[in-house]
Protein chains: 2
Amino acid sequence: MARWEPGADGRLREAALTLFLERGYEETTVAEIAQRAGVTARTYFRHFADKREVLFSGAEGVRAGMAEAMAGAPADATPVAVAGLALDAAAEAIGHRRDFYRQRQVVVEANVELQERELMKLAGLADVLAAGLRERDVPDPEARLVAEAAITVLRVGFHRWVASAHDTVDLGVTLREVLGELVGLRG
Amino acid sequence: MARWEPGADGRLREAALTLFLERGYEETTVAEIAQRAGVTARTYFRHFADKREVLFSGAEGVRAGMAEAMAGAPADATPVAVAGLALDAAAEAIGHRRDFYRQRQVVVEANVELQERELMKLAGLADVLAAGLRERDVPDPEARLVAEAAITVLRVGFHRWVASAHDTVDLGVTLREVLGELVGLRG
DNA sequence: GTCTATAGTGCGATAGAC
DNA sequence: GTCTATCGCACTATAGAC
């Protein structure tokens, strides 16, 4: 038998979400999460930079998907069209686990620290988008604005999607709808 | 002579910004800020909910200004026009102290925790905007989208403004420019 | 105004995989 | 032997409880 069971990372994530749902984020200590996952608190902090990060480690996959989608977009695509493809990729990375994100959302909405981290992760995605647009020679004032606008679409659309009463709602479709509404805005 | 000097609040704010600029946010303890302001750490936490909040207490004035501007907007104004008036009010509350916000920005950009709090304050302003639009009978999916889009304008425009090399740039003008760019976006 | 719990860090030791 | 994941302990500062 191995000295330790493999997959500490996944066990910690699952233990954390379960405990946060049962007793709340603040009322759960890192030591308790670690114990439930069969490791020590010191190991928790080796996997996650801080207590909150256990709920947000999925963002890396989204970043990668968006960057790849932008790099592969047609050369003549407009900035907004490129952002649309990046949003499609985000939907691809997120949209197949609505149950998980609904549970996670309950925890996040109950705690300000977690909301802060969520916004920071979204800001990081905006940076990825802006960098991807600049890579395609979109000049910086416009690249920044389109990137931030696309993240607004992601935030608003994601919220509609997790709050929706129907399982059948597709995240990708929702994001495209919101993007259409945004570019349709008039003063 | 009074038992304590008046304006502990203002002294704490000033002491905090000075120390954060000199030695960095993380390297400064609450006890040091309190000592420089002539109070105890306990008093610091009576004035500010946590260590970070000392840099963000100005947000309340912005909230109030935006809410008032929206309530006073013409009855036939479009949602985007109402958001524009709210942005004008935000510029009014912020724009006259560019030096302060430039210094503050140096501190915030050097620390992730502070960036998280900043994003949370902006999200709070989005809530104010959405509520103000709903008050004017703008239905909720649109109210939310316009509110979040306006905060995108505020974020992008504020950043251009503090980063500008010229003292003469006006925040209100900048926000109007960015709002125009956003509603001008096409797919 | 003091006391305490918890988050988070640094470092050395350990045990297995390769 | 090297590399990696873990433990265990000592330690500081925040933040809240008493």
Side-chain angles (χ1 to χ4, degrees), chain A residues 1-57 59-60 104 107-108 110-121, chain B residues 2-5 8-9 11-13 15-57 107-108 110-121:
Chain A
M1 176 170 161
R3 182 155 168 255
W4 61 77
E5 295 300 318
D9 206 86
R11 291 203 312 277
L12 284 166
R13 267 197 276 266
E14 194 180 319
L17 183 58
T18 303
L19 289 172
F20 293 162
L21 281 168
E22 277 175 9
R23 338 167 23 173
Y25 173 79
E26 290 206 10
E27 290 68 33
T28 305
T29 69
V30 169
E32 289 167 342
I33 302 167
Q35 185 176 27
R36 185 179 238 262
V39 297
T40 66
R42 192 67 188 82
T43 296
Y44 182 99
F45 287 113
R46 207 166 284 104
H47 284 265
F48 308 105
D50 55 39
K51 182 182 173 185
R52 290 177 277 173
E53 191 62 19
V54 70
L55 286 174
F56 297 96
S57 46
E60 196 42 54
R104 178 177 167 286
V107 176
V108 171
N111 185 274
V112 170
E113 288 179 49
L114 296 175
Q115 292 160 38
E116 289 180 335
R117 177 60 53 87
E118 178 133 292
L119 294 172
M120 196 65 198
K121 289 291 176 179
Chain B
R3 268 171 63 218
W4 38 262
E5 296 299 316
D9 206 87
R11 293 204 313 280
L12 283 166
R13 266 196 277 267
L17 183 58
T18 303
L19 289 171
F20 293 163
L21 280 169
E22 276 176 9
R23 337 164 28 171
Y25 173 79
E26 290 205 11
E27 290 68 33
T28 305
T29 70
V30 169
E32 288 166 342
I33 302 167
Q35 185 177 28
R36 184 180 240 263
V39 298
T40 66
R42 184 70 184 78
T43 297
Y44 182 99
F45 286 111
R46 277 198 300 109
H47 284 266
F48 306 104
D50 55 40
K51 181 181 173 186
R52 290 179 275 174
E53 191 62 19
V54 71
L55 286 175
F56 298 96
S57 45
V107 176
V108 171
N111 185 274
V112 170
E113 287 178 49
L114 296 176
Q115 292 162 37
E116 289 180 336
R117 177 60 53 88
E118 177 133 292
L119 293 172
M120 195 66 200
K121 290 290 176 179

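The chains referred to below are lettered A, B, ... by the order of the sequence lines, with proteins before strands, and numbering in each begins at 1.
Rounded to whole Å, atom P of dA13(D) lies 15 Å from atom CG of Leu19(B). The interatomic distance linking Arg52(A) (CZ) with dT6(C) (C1') rounds to 14 Å, in whole Å. Rounding to whole angstrom units, CG of residue Asn111(B) and P of dA13(D) are separated by 16 Å. Rounded to an integer number of Å, the gap from NE2 of His47(A) to P of dG8(C) is 16 Å. When the P atom of dA13(D) is taken as reference, atom CG of Asp50(A) falls 19 Å away, rounded to whole Å. Summarising the geometry, the separation between CG on Asp9(A) and C1' on dT4(D) is reported as 15 Å, rounded to the nearest angstrom. Protein atom CZ of Arg117(A) is 13 Å distant from nucleotide atom C1' of dA7(C), rounded to whole Å. If you take CZ of Phe48(A) and P of dT6(D), they are 11 Å apart, rounded to a whole angstrom.
Nearest nucleotide to the side chain of Phe45(A), out of dT6(D), dG8(C), dT14(D): dG8(C). Ranking dT2(C), dT14(D), dG8(C) by closeness to the Arg42(B) side chain, first place goes to dT2(C). Checking dT14(D), dA7(C), dC7(D) against the side-chain heavy atoms of Thr43(A) singles out dC7(D) as nearest. Here the nucleotide nearest the side chain of Arg46(A), chosen from dC11(C), dT14(D), dT6(C), is dC11(C). Taking the side chain of Lys51(B) as heavy atoms from C-beta on, and the options dC7(D), dA7(C), dA15(D), the nearest nucleotide is dA15(D).
Backbone-only contact: Ala8(A) has heavy atoms under 4.0 Å from sugar-phosphate atoms and none from a base. The residue Ala41(A) sits apart from the nucleic acid: no heavy atom pair falls under 4.0 Å.
The shortest distance between the side-chain N/O atoms of Thr40(A) and the OP1/OP2 oxygens of dC7(D) is below 4.0 Å.
In terms of modelled atom types and a separation under 3.5 Å, the side chain of Gln115(A) and the main chain of Val108(A) share a donor-acceptor contact.
The pair Glu32(A)-Arg23(A) counts as a salt bridge, with a side-chain nitrogen and a carboxylate oxygen less than 4.0 angstrom apart. Look at Lys121(A) and Glu53(A) and you find a salt bridge, because one of the NZ, NE, NH1 or NH2 atoms lies within 4.0 Å of a carboxylate O, short of that distance.
Between Glu26(A) and Glu113(A) there is a side-chain heavy-atom pair separated by less than 4.5 Å.
Atoms OH and NZ, on Tyr25(B) and Lys51(B) in that order, are 4.5 Å from each other to the nearest 0.5 Å.
Of the residues near DNA chain D, Glu26(A) and Val39(A), the one whose nearest nucleotide (by heavy atom distance) lies more toward the 5' end is Val39(A).
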